[in-house]
Amino acid sequence: MSGAWRRTAAGAGLLSASGEVAPTIFAEMSALAARTGAINLGQGFPDQDGPDVVLEAAREAIARGANQYPPGRGIPDLLAAISEHQQRFYGLSVDPDREVIVTAGATEALAATLLALIDSPDDEVVVFEPFYDSYAAIIALSGARLRTVPLRRPDFQPDLAELAAAVSDRTRIILVNDPHNPTGTVFSAQVQQEIVRLADRHDAIIVTDEVYEHLTFDSAHVPIATLPGAAERTLTISSAGKTFSVTGWKIGWVHGPAALITAALTVKQFLTYVNGSPFQPAVAVGLRLGEDYFRGAASAFADKHALLGDGLRAAGFTVSPPQGGYFTVADATALGGADAAAFCRELPERAGVVAIPLSAFVLPEHRDDYAGLVRFAACKKREVLEEAVERLGSL
Ligand SMILES: *Cc1c(COP(=O)(O)O)cnc(C)c1O
C-alpha cells in the first residue's frame with residue numbers, strides 16, 4: 001500500500017528522494033529567517049491585518065454563533081456579495097445560486113477545478129512559467145501533462161508565437177495568473193485576446209487566477225472573462241486573503257458557467273467540504289467596502305514597491321518594476337548572485353534579509369533561464385521595508 005502512495009506522490013514531485021515530504025522553498029526560507037533573525041521578504045504574507053470592519057465582522061460572527069458547517073457552496077450573503085462585486089468592478093453577471101462557489105482559498109479553487117476538469121492522462125494544461133508553486137503539484141496530482149510558455153524579461157509578456165505553439169487540441173485548460181506572481185506582470189490586451197482565441201479554436205477551458213485583482217498599479221484590472229466569447233469557457237478565481245490581507249482565513253472563490261462550477265463543486269465537497277464559517281460573512285462585508293478601500297490598498301502597495309525598488313537599485317540590483325501584486329523581481333548578477341538560489345541561501349547571513357530565487361517557480365530544466373533573478377515581497381510595513389533596503393545596501 002505504501003508503495004502505491006509513494007509512486008503517486010513521488011511522480012508528482014511531492015516527495016524528496018529520502019521519502020520525506022519535500023519542504024517548499026517558502027517553508028525552508030521562512031525557517032531560515034526565523035533562525036537568523038533576518039527580515040522575511042520571502043513568503044508573501046502581509047505583516048498588517050486587513051480593514052478593521054472586516055476583522056470585527058468575523059468576531060461578531062463567532063459571537064452570534066456562525067461556528068458550524070456553512071452551506072456547501074458558501075453562505076448566501078457571501079455568494080451575493082461576490083456576484084455584486086463582479087458586477088460593480090467588471091460588469092460581469094454571476095448567478096449567485098449556480099455560478100459561484102466559496103472555497104478554502106484560491107488554492108482549493110485551483111485544486112478542485114483542475115481535479116474536476118482533467119479527464120485523461122493525455123489532457124494538457126498550458127501554464128505560464130515561472131508559475132505559482134501549487135500549479136505543477138496539482139496538475140501532477142490530476143494526472144494531466146504540463147506545457148509551459150515562458151515569460152521573459154524585460155516585460156515578462158509571453159511571446160504570441162510560443163503561446164500559439166503550446167496550445168493544441170490536447171489542451172484541456174489554459175491556466176492564467178494575471179496579475180502574475182512572481183513576475184508582477186499584467187498581461188497585455190493582445191495576450192489576453194490571443195488566449196481567448198486559442199481556447200476557442202481548440203475548445204479549451206480558461207482557468208484564471210486573479211488573486212491580485214485589486215493590486216494593479218498602472219491600470220484597472222481586466223478579468224479575461226470580460227473579453228468577447230470568453231465567459232462561456234472561463235473559470236475565474238479570487239482570494240479574500242490577498243484582497244483583504246487575511247491570508248490565514250483561507251477564503252477564496254471560483255465563478256463561471258454553471259456546468260463547470262458544478263463539476264468543481266463535486267470535487268470540492270470531498271476536499272474540504274466547507275470552511276471558514278465566521279470568515280465568510282466578514283469577507284462579504286469586505287467585498288462591499290467603498291472604492292476608497294480598494295484604491296487605497298493599490299496605492300499603498302505601489303508606494304511600497306517604489307520604496308523597495310529604489311532601495312534594491314541603490315544596492316546594485318537591476319529591478320523589474322511590477323505592474324501588480326505583492327512582489328518585485330530583481331536581478332542579483334551584478335552583486336555576485338548569478339546563481340540566485342545560492343545567493344538567497346547566503347543572503348540572511350550576508351545582509352539579514354530573506355528572499356526567494358525565481359528558479360523556485362520554474363521546472364528544473366528551465367532554472368538556468370532565470371538564474372540571477374530574486375523575488376522580494378513588498379507586503380510589509382514601510383519601516384520593515386526601509387530597514388530591509390538599508391541592510392541590502394551593505395552588500
Ligand atoms: C497567494 C496565491 C494563491 C493562494 O491563495 P489562497 O487564497 O491563500 O489559497 C494562489 N495563487 C497565487 C498566484 C497566489 O499568489
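Whatever order the structure lists ligands and atoms in, that order sets their numbers, starting from 1. What you are looking at is a predicted structure, and each value in this text was computed from that prediction instead of being measured.
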Is the distance between the ring centroids of Y326 and Y212 less than 6.0 Å? yes
Quick note on ligand 1: atoms under 4.0 Å from a heavy atom of N177 include exactly 13 (C)
Any chance the rings of H180 and F128 have centres within less than 6.0 Å? no
Top protein contact for atom 8 (O) of ligand 1, by heavy-atom distance: K250 NZ, 3.2 Å
Within ligand 1, which atoms have a heavy atom of K242 less than 4.0 Å away? 1 (C), 2 (C), 3 (C), 14 (C), 15 (O)
Around atom 11 (N) of ligand 1, find the nearest protein heavy atom and jot down its residue, atom name and distance. D209 OD2, 2.6 Å
Hey, which atoms in ligand 1 end up nearer than 4.0 Å to a heavy atom of G105? 6 (P), 7 (O), 9 (O)
State whether the side chain of Q280 and the backbone N or O of I75 hold a donor-acceptor pair below 3.5 Å, judged by distance alone. yes
Which residue supplies the protein heavy atom nearest to atom 15 (O) of ligand 1, what is that atom called, and how far is it? Y212 OH, 2.7 Å
Geometric N/O contact Y135 with ligand 1, under 3.5 angstrom: no
In plain terms, say whether D97 and R73 are close enough for a salt bridge, that is, a side-chain N and a carboxylate O under 4.0 Å apart. no
Determine whether the aromatic ring centres of residues F376 and F327 are separated by less than 6.0 angstrom. no
Centre-to-centre under 6.0 Å for F361 and Y370, is that the case here? no
Closest to atom 5 (O) of ligand 1 among protein heavy atoms sits A106 CB, 3.5 Å
Compute the ring centroids of H85 and H255, then answer whether they are less than 6.0 Å apart. no
Could you find the nearest protein heavy atom to atom 7 (O) of ligand 1 and give me its residue, atom name and distance? S239 OG, 2.7 Å
